[in-house]
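These notes are about the structure you will find just below.
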There are 2 protein chains.
Amino acid sequence: MISQKSKYALRALLALARIAPGETMRIAAIAARETIPKKFLEQILLDLKRAGFVASRRGKHGGYLLLRSPEEIVFGDVLRLMEGPFVPLGCLSRGGNRPCTDCRDRALCAVRRVFAKVAAASDEILDGTTLSDLLADPKGGSAVASDASMGIARSISLVKM
Amino acid sequence: MISQKSKYALRALLALARIAPGETMRIAAIAARETIPKKFLEQILLDLKRAGFVASRRGKHGGYLLLRSPEEIVFGDVLRLMEGPFVPLGCLSRGGNRPCTDCRDRALCAVRRVFAKVAAASDEILDGTTLSDLLADPKGGSAVASDASMGIARSISLVKM
DNA sequence: GCATTTATCTACAAAATCTATAGACTATTA
DNA sequence: TAATAGTCTATAGATTTTGTAGATAAATGC
């Protein structure tokens, strides 16, 4: 389950993506517009700033602005910043293959292997979607085709183990 | 991130899948074999029992056994039992389309749409993997092909929105 | 310079969730 | 009827999440 913090971060970035390039938006304005607790949002924006997603200006006419263009702001990057590695198992940190501490036999590793697939499939979507995908087309979201019905998922190609 | 509880549940089921059909395995034995706190495992097994995955016998020579065959025990079902709906956003309960309470504008819905894809991709893997997949082939896990390298994910076909 | 505005920082607190433990109880078997 | 093994309810400790408080620092306009 994604945290409120991540959701707030994505919404704040989307709010900033909607203003004119070079302009700023105040924390209070973002908070009001997106229904986010202001003091909580402050911390989130600082995290986003330290990670280089946004910049800020102080004083009158201050506020926040995007530091990268919406095409360059990838969902997966934002989520990994806010949540730590977005993986279903602790031992599955991005690219890492270190065993879990309580992984004594093949059984757990088998479990791990399944969740590695889940993580890879999630990353594929999250790393293939940027802010601009959401701005451009309210129906779409990423380059991935989407025309099947809920229960009838068919195949995923090339999921890394 | 998957909970310890789910991991324990899957490991316990795998342990039961490895004994001869019709035989039982005691809680204490499962706990020792899989390094799971015994009293915690008790609760987990009760949940699994109420959901119809396992049955139990009391008294001497009692214990637990699988109620369904390993081919019929689907990862996704176990996880949804232990974790609630395995989706990245609260408003994405299985099949449901009810809006989030704080989903005021298109922006958040756009966020929601991306995570719907993630949920669908996860479900596809988790619902396509059974206990028997793990028992049969320690290298495999599900029917999904897996031969790409980590960073080079390519395409996912037919992810439901 | 001074007041105002706005972001920055550190610490803390309330709430929820996760993980696990305790202990009394019930059913089964020998 | 004693021993074994699952059942049930309550609770406690730890961690994480979510949010708040209050002081500080920088920029701007007058």
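Being a predicted model, the structure only gives us computed values, none of them experimental. Chain identifiers are assigned alphabetically (A, B, ...) following the order of the sequence lines, protein sequences preceding nucleic acid strands; residue numbering begins at 1 within each chain.
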Examine dT6(C): is either OP1 or OP2 under 4.0 Å from a nitrogen or oxygen in the side chain of Ser56(A)? Give yes or no. no

Rounded to whole angstrom units, what separation is found between the CG atom of Leu41(B) and the P atom of dA22(C)? 16 Å

Residues within residues 21-30 of chain B bordering DNA chain D, heavy-atom distance below 4.0 Å: Arg26(B), Ile27(B)

Is it the case that one hydrophobic cluster holds both Ile27(A) and Leu65(A), taking links as side-chain heavy atoms less than 4.5 Å apart, direct or via other members? no

Just one of Leu13(A), Leu16(A), Thr24(A) clears the side-chain contact (heavy atoms from CB on, under 4.5 Å) bar with Tyr64(A), so which one? Leu16(A)

Rounded to whole angstrom units, what separation is found between the CG atom of Asp47(B) and the C1' atom of dG6(D)? 14 Å

Please check if Ile19(A) and Leu66(A) belong to a single hydrophobic cluster, counting links between Ile, Leu, Val, Met, Phe, Trp and Tyr side chain heavy atoms closer than 4.5 Å. yes

Do Arg18(B) and Glu34(B) sit within salt-bridge range, that is, some charged N less than 4.0 Å from a carboxylate O? yes

Round to a whole Å and report the spacing from CG of Leu48(A) to P of dA7(C). 14 Å

Using whole Å, report how far NZ of Lys49(B) lies from C1' of dA27(C). 10 Å

In terms of hydrophobic clusters joined by side-chain contacts under 4.5 Å, are Val74(A) and Tyr8(A) together? no

Selection: residues 59-66 of chain A, any non-hydrogen atom under 4.0 Å of DNA chain C: Gly59(A), Lys60(A), Gly63(A), Tyr64(A)

Does a side-chain N or O from Arg50(B) land closer than 4.0 Å to OP1 or OP2 of dG6(D), or not? no

Could you go over nucleotides 17-24 of chain D and give all protein N or O partners under 3.5 Å, atom names and distances?
| residue | atom | partner | partner atom | Å |
| --- | --- | --- | --- | --- |
| dT18(D) | OP1 | Gln4(A) | N | 3.2 |
| dT18(D) | OP2 | Gln4(A) | N | 3.3 |
| dG19(D) | OP2 | Tyr8(A) | OH | 3.2 |
| dT20(D) | O4 | Gln43(A) | NE2 | 2.5 |
| dG22(D) | O6 | Lys39(A) | NZ | 2.3 |

Hey, does the side chain of Ser122(B) reach the backbone of Val118(B) with a donor-acceptor pair shorter than 3.5 angstrom? yes

Acceptor/donor pairs from residues 46-61 of chain B side chains to any protein atom, 3.5 angstrom cut, sequence neighbours excluded:
| residue | atom | partner | partner atom | Å |
| --- | --- | --- | --- | --- |
| Asp47(B) | OD1 | Arg50(B) | NH1 | 3.4 |
| Asp47(B) | OD2 | Lys5(B) | NZ | 3.3 |
| Lys49(B) | NZ | Ser56(B) | OG | 3.1 |

note: Met82(B), atom CE; dC18(C), atom P; distance rounded to Å ~ 11 Å

Do we see a donor-acceptor contact under 3.5 Å between the side chains of Glu72(A) and Thr130(A)? no

Are Leu135(B) and Leu67(B) co-members of a hydrophobic cluster defined by side-chain heavy atoms under 4.5 Å apart? no

Contacts of Glu71(B) meeting side chain to side chain donor-acceptor pair (under 3.5 Å) (sequence neighbours excluded), chain-then-number -> Ser69(B)

Considering only nitrogen or oxygen atoms on both sides, find all protein atoms under 3.5 Å from nucleotides 11-13 of chain D and state each distance.
none

Quick test of your reading of the model: are Arg80(A) and Asp127(A) salt-bridged, counting only N-O distances below 4.0 Å? yes

Check the orientation of Phe115(A) and Phe75(B). Use parallel for under 30°, tilted for 30 to 60°, and perpendicular for over 60°. tilted

Side-chain heavy-atom pair Leu134(B), Leu14(B) within 4.5 angstrom cut-off: yes

